[in-house]
Amino acid sequence: MDVIWDIMRCWVKDHPVKAQPADQPGSVIFAKEPVLRANFARAVSTLSKAQAKKVARFLPNPERYWGPKLRAGRQINSKRVSVLG
């Protein structure tokens with residue numbers, strides 16, 4: 001359990017949390033200095049080729065207001081115009 005708490009303490013040092021009163025259990029636990037130093041840097045071998053090259057995950061939309069459109073062959077009449085906007 002000491003190793004797990006040391007990892008948590010290292011994480012909180014890198015990513016500070018909101019200040020708590022000193023008598024709270026979390027404040028007491030995180031006030032101790034960690035014995036074990038955790039390294040949170042990602043290993044290069046774990047990245048995919050796309051992540052290493054920083055390729056976008058999703059392509060941008062091909063045109064403005066791209067998305068579902070009216071079905072082919074439908075006629076727009078005055079009743080549907082008020083619904084469609």
Side-chain angles (χ1 to χ4, degrees):
M1 286 305 294
D2 293 333
V3 173
I4 293 173
W5 282 116
D6 282 345
I7 293 170
M8 292 296 293
R9 287 182 191 109
C10 290
W11 180 263
V12 169
K13 279 189 178 251
D14 292 345
H15 306 88
V17 294
K18 196 167 42 169
Q20 299 288 327
D23 61 340
Q24 293 290 321
S27 300
V28 174
I29 291 169
F30 291 131
K32 286 185 183 177
E33 250 340 276
V35 176
L36 173 79
R37 298 287 177 196
N39 182 7
F40 295 107
R42 276 184 92 169
V44 177
S45 61
T46 62
L47 298 175
S48 69
K49 290 178 186 175
Q51 288 174 330
K53 292 180 183 177
K54 299 198 181 218
V55 175
R57 187 171 189 157
F58 300 103
L59 296 174
N61 291 336
E63 59 186 42
R64 192 170 181 201
Y65 302 119
W66 180 83
K69 303 205 180 349
L70 292 175
R71 286 187 279 177
R74 284 181 75 178
Q75 298 292 324
I76 297 177
N77 57 22
S78 61
K79 196 187 300 183
R80 287 202 180 110
V81 168
S82 62
V83 174
L84 295 175

Which pair of heavy atoms, one from P21 and one from S27, lies closest together, and at what distance?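 Heavy atoms only, the tightest pair is O-OG, 2.9 Å.
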Taking all heavy atoms of W66 and all of N61, pick out the closest pair and write down the distance.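 Distance-wise, the nearest heavy atoms are CE3-OD1, 3.6 Å.
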Would you call K13 and P34 a side-chain contact if the rule is heavy atoms closer than 4.5 Å?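 Yes, at least one pair of side-chain atoms sits under 4.5 Å.
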Establish whether [X] and [Y] are linked, either directly or via other cluster members, by ILVMFWY side-chain heavy-atom contacts under 4.5 Å.
X	Y	answer
L59	V55	no
V12	W5	yes
I4	V17	yes
L36	W11	yes

Any chance you could measure [X], atom [atom1], to [Y], atom [atom2], to the nearest 0.5 Å?
X	Y	atom1	atom2	value
R37	I7	CZ	CD1	13.0 Å
R9	I29	CZ	CD1	7.0 Å
H15	F40	NE2	CZ	8.0 Å
Q20	F30	CD	CZ	10.0 Å
Q51	R57	CD	CZ	7.5 Å

Could you tell me which residues satisfy side-chain contact (heavy atoms from CB on, under 4.5 Å) with P60, sequence neighbours excluded, listed by chain and number?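 Once residues adjacent in sequence are excluded, P60 has no partner under the side-chain contact (heavy atoms from CB on, under 4.5 Å) criterion.
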